[in-house]
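In what follows, chains carry the letters A, B, and so on, assigned in the order in which the sequence lines appear, proteins first and then strands, with residues in each chain numbered from 1. What you see is a predicted model; the values in this text were computed from it and never measured. Note: hydrogens, waters and symmetry copies are ignored here, and every other heavy atom, side chains too, is used.
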There are 2 protein chains.
Amino acid sequence: MNVMPDRDSKETSATHGAYLKLRELILTGELPPGDKLKIEQLRKLLETGASPVREALSLLTSDMLVERIDQRGFRAAPVGKANFEEILMLRCTLEETALRASIRNADAEWEDRLVLRHHHMQRAGLRKAPDFEDAHKAFHMALLDNAHLPMLERYCSQLYDLNIRYRYLAAGGPSYKKRDIAAEHQNILDAALNRDADAATAHLIDHYRSTGEYLSSQMDG
Amino acid sequence: MNVMPDRDSKETSATHGAYLKLRELILTGELPPGDKLKIEQLRKLLETGASPVREALSLLTSDMLVERIDQRGFRAAPVGKANFEEILMLRCTLEETALRASIRNADAEWEDRLVLRHHHMQRAGLRKAPDFEDAHKAFHMALLDNAHLPMLERYCSQLYDLNIRYRYLAAGGPSYKKRDIAAEHQNILDAALNRDADAATAHLIDHYRSTGEYLSSQMDG
DNA sequence: ATGTCAAATAATATCGATATTTTTGGAGAG
DNA sequence: CTCTCCAAAAATATCGATATTATTTGACAT
């Protein structure tokens with residue numbers, strides 16, 4: 001009658017599962033940019049039907065990680081220097097807007113959230129934990145989420161993910177230079193807690209520009 | 001060698017057809033905000049199968065016109081004053097960025113395109129043609145497309161569509177005050193042709209803010 | 001009356017199979 | 001030897017049906 005004693009705590013949807021798995025594969029470069037994504041091949045890889053795979057791919061086009069060519073299937077989104085630089089530029093513009101709005105709405109709960117996220121990120125970083133990537137994103141998104149601007153947050157989250165992809169492609173992993181990144185994060189955090197919007201955005205943008213230049217130099221030119 | 005006297009502009013895909021039709025229905029308010037979008041109901045309305053409907057709805061979530069609730073189907077995205085104001089703010093920020101980049105790349109071909117789009121929009125407006133809406137969007141997008149920043153263009157296009165929706169919801173049609181809108185468009189065009197980025201963005205933002213305030217006043221508060 | 005629970009109903013998510021379309025490979029003509 | 005065209009193969013898009021999950025209904029006890 002039924003299949004398994006399934007643990008109800010988790011998300012039980014073939015489509016959503018396929019979405020998360022495919023997203024991971026594309027972000028890490030295991031499905032390389034420009035590659036044709038054949039339904040049958042993915043169906044076997046993810047051990048599910050064709051319908052969930054198709055829907056997951058459709059959802060990934062929203063995130064600009066997959067391109068859909070009508071009547072000709074799907075492919076992993078291509079990469080390039082121009083694309084990378086557009087992402088960098090948009091992140092600077094949009095995250096500055098979001099961060100300033102967040103600081104404008106600053107309150108005690110937000111500060112608590114920031115401190116906590118920062119702490120978790122530090123812990124994960126020191127232990128080289130595999131969830132450092134998640135903690136890093138959580139900290140950055142926490143900086144922005146007090147703006148209460150859901151569409152802007154969505155854009156920033158999308159762009160963040162697209163940027164992760166370039167990090168993996170450039171370095172083969174999340175092991176980009178961790179030297180003074182801790183200090184940069186600390187500067188952003190301190191400025192945000194001081195509610196100094198100018199300093200916070202300056203530090204944030206410097207943070208992006210410096211890692212951006214490092215990645216950009218590694219690309220083709 | 002070739003196929004048929006069939007125009008290549010014709011899109012032969014049930015999914016894409018359903019996408020265009022559903023998009024239209026949501027933008028014009030025929031499928032009202034918050035409404036549950038039942039597959040079976042849409043399947044009959046669009047005279048197609050369930051798979052194309054599902055995929056079209058998935059694609060519309062990218063455009064933020066449809067919300068997907070896992071295991072509980074789809075619904076037309078809700079509306080609200082906060083949402084409208086976020087759209088307005090994002091449009092001002094993003095279109096300013098794009099317009100400045102467009103002007104930075106200004107050349108003769110772009111100027112020609114602008115003049116042409118503006119002319120077509122005027123013609124359609126005077127004749128109250130039903131394609132004024134399309135011509136209006138084409139003019140506004142032409143202002144931005146010389147930036148050669150595809151993601152930014154995509155965001156602007158999405159936000160433009162979301163704004164159309166509020167116009168229809170507020171007025172029951174595209175008949176918002178046409179009084180001095182022609183003059184506003186002329187000002188934007190002239191400034192762009194003069195490659196005066198400051199003036200062009202100022203006029204563009206004024207244009208959005210004034211129609212924005214009109215719509216905002218009509219909403220709930 | 002009212003709140004709870006289980007059966008009935010309705011809708012979604014998924015599967016397997018088929019129809020269409022694109023791509024591939026090779027034979028024949030120039 | 002190259003190009004064109006047609007048949008074979010592969011892949012996509014779509015359909016119809018089923019299994020799963022959410023929602024409603026109504027009986028029953030409090």
Side-chain angles (χ1 to χ4, degrees), chain A residues 1-23 25-26 31-32 34-62 65-78, chain B residues 1-23 25-26 31-32 34-62 65-78:
Chain A
M1 286 295 181
N2 50 28
V3 228
M4 288 215 296
D6 67 83
R7 48 259 143 92
D8 57 326
S9 64
K10 239 338 189 185
E11 187 59 70
T12 52
S13 159
T15 295
H16 196 245
Y19 169 79
L20 292 177
K21 199 81 179 264
L22 282 173
R23 185 163 164 280
L25 290 172
I26 293 172
L31 288 174
D35 251 35
K36 193 147 193 346
L37 303 174
K38 299 182 196 171
I39 306 291
E40 184 64 13
Q41 159 194 323
L42 298 176
R43 197 197 63 69
K44 277 186 285 191
L45 180 65
L46 303 176
E47 295 173 320
T48 183
S51 306
V53 170
R54 281 189 74 77
E55 281 211 30
L57 289 171
S58 282
L59 291 174
L60 285 165
T61 60
S62 333
L65 288 169
V66 165
E67 275 188 2
R68 178 203 195 86
I69 307 150
D70 203 81
Q71 225 82 3
R72 215 160 298 179
F74 301 86
R75 66 179 50 208
Chain B
M1 175 123 43
N2 49 29
V3 227
M4 286 281 262
D6 165 352
R7 318 232 218 131
D8 58 332
S9 64
K10 173 85 175 189
E11 190 59 68
T12 53
S13 159
T15 295
H16 196 245
Y19 169 78
L20 291 177
K21 199 77 179 266
L22 282 173
R23 185 162 164 281
L25 290 172
I26 293 172
L31 288 174
D35 251 34
K36 194 147 192 347
L37 302 175
K38 300 182 195 170
I39 306 291
E40 184 64 13
Q41 161 193 319
L42 297 177
R43 197 197 62 69
K44 277 186 285 190
L45 180 64
L46 303 176
E47 295 173 319
T48 183
S51 306
V53 171
R54 281 188 75 78
E55 281 211 30
L57 288 171
S58 282
L59 291 175
L60 285 164
T61 59
S62 333
L65 289 169
V66 165
E67 275 187 0
R68 177 203 195 86
I69 308 150
D70 203 80
Q71 226 81 3
R72 214 160 299 179
F74 300 86
R75 66 178 50 209

Is B/Lys36 near enough to C/dA11 that one of its side-chain N or O atoms lies under 4.0 angstrom from OP1 or OP2? no
Note: for A/Arg72 and A/Thr48 on DNA chain C, the residue whose nearest nucleotide lies more 5' is A/Thr48
Please give, in whole Å, the distance from D/dA11 C1' to A/Phe74 CZ? 12 Å
Quick one: B/Leu46 CG to D/dT14 P, roughly how many Å, whole number? 13 Å
Picking from C/dC15, D/dT12, D/dT21, which would you name as closest to the side chain of A/Ile39? D/dT12
Please test A/Glu55 against A/Tyr19 for side-chain contact (heavy atoms from CB on, under 4.5 Å), starting from the C-alpha separation and ending with a verdict. CA-CA 8 Å; A/Glu55 281 211 30; A/Tyr19 169 79; over 6 Å; no
In a check of salt bridge (Lys or Arg N to Asp or Glu O under 4.0 Å) between B/Glu40 and each of B/Lys36, B/Lys38, B/Arg43, which one passes? B/Arg43
B/Asp70 CG to D/dT20 C1', in whole Å, measures 13 Å
Pair A/Arg68-B/Thr15, side-chain contact (heavy atoms from CB on, under 4.5 Å): steps then yes or no: CA-CA 12 Å; A/Arg68 178 203 195 86; B/Thr15 295; 3.8 Å; yes
Taking CD from A/Glu55 and C1' from C/dC15, how many angstroms apart are they, rounded to a whole number? 13 Å
Would the number of heavy atoms belonging to other residues, nucleotides or ligands and lying under 6.0 Å from NZ of A/Lys44 be above 12? no
In whole angstroms, how far is the C1' atom of C/dT14 from the OH atom of A/Tyr19? 20 Å
Roughly how far apart are A/Leu46 CG and A/Leu25 CG, rounded to 0.5 Å? 7.0 Å
Starting at the 5' end of DNA chain C, which residue's closest nucleotide do you reach first, B/Lys38 or A/Arg43? B/Lys38
Report the nucleotide, chosen from D/dA13, D/dT14, C/dT14, that has the shortest atom-to-atom distance to any side-chain atom of A/Thr15. C/dT14
Measure from the side-chain heavy atoms of A/Ser13 and tell me the nearest of C/dT14, D/dA13, D/dT14. C/dT14
Expressed as a whole number of angstroms, how long is the span from A/Ile69:CD1 to D/dT12:C1'? 12 Å
Phosphate OP1/OP2 of D/dT12: any A/Arg54 side-chain N/O under 4.0 Å: no
What is the distance, rounded to the nearest whole Å, between atom CD of B/Gln41 and atom C1' of C/dT12? 14 Å
Spacing between B/Leu59 atom CG and D/dA13 atom C1', to the nearest angstrom: 13 Å
How is B/Leu57 classified with respect to the nucleic acid when contacts are heavy atoms under 4.0 Å: base, sugar-phosphate, or nothing? nothing
Does a side-chain N or O of B/Thr12 approach OP1 or OP2 of C/dT21 to a distance below 4.0 Å, or not? no
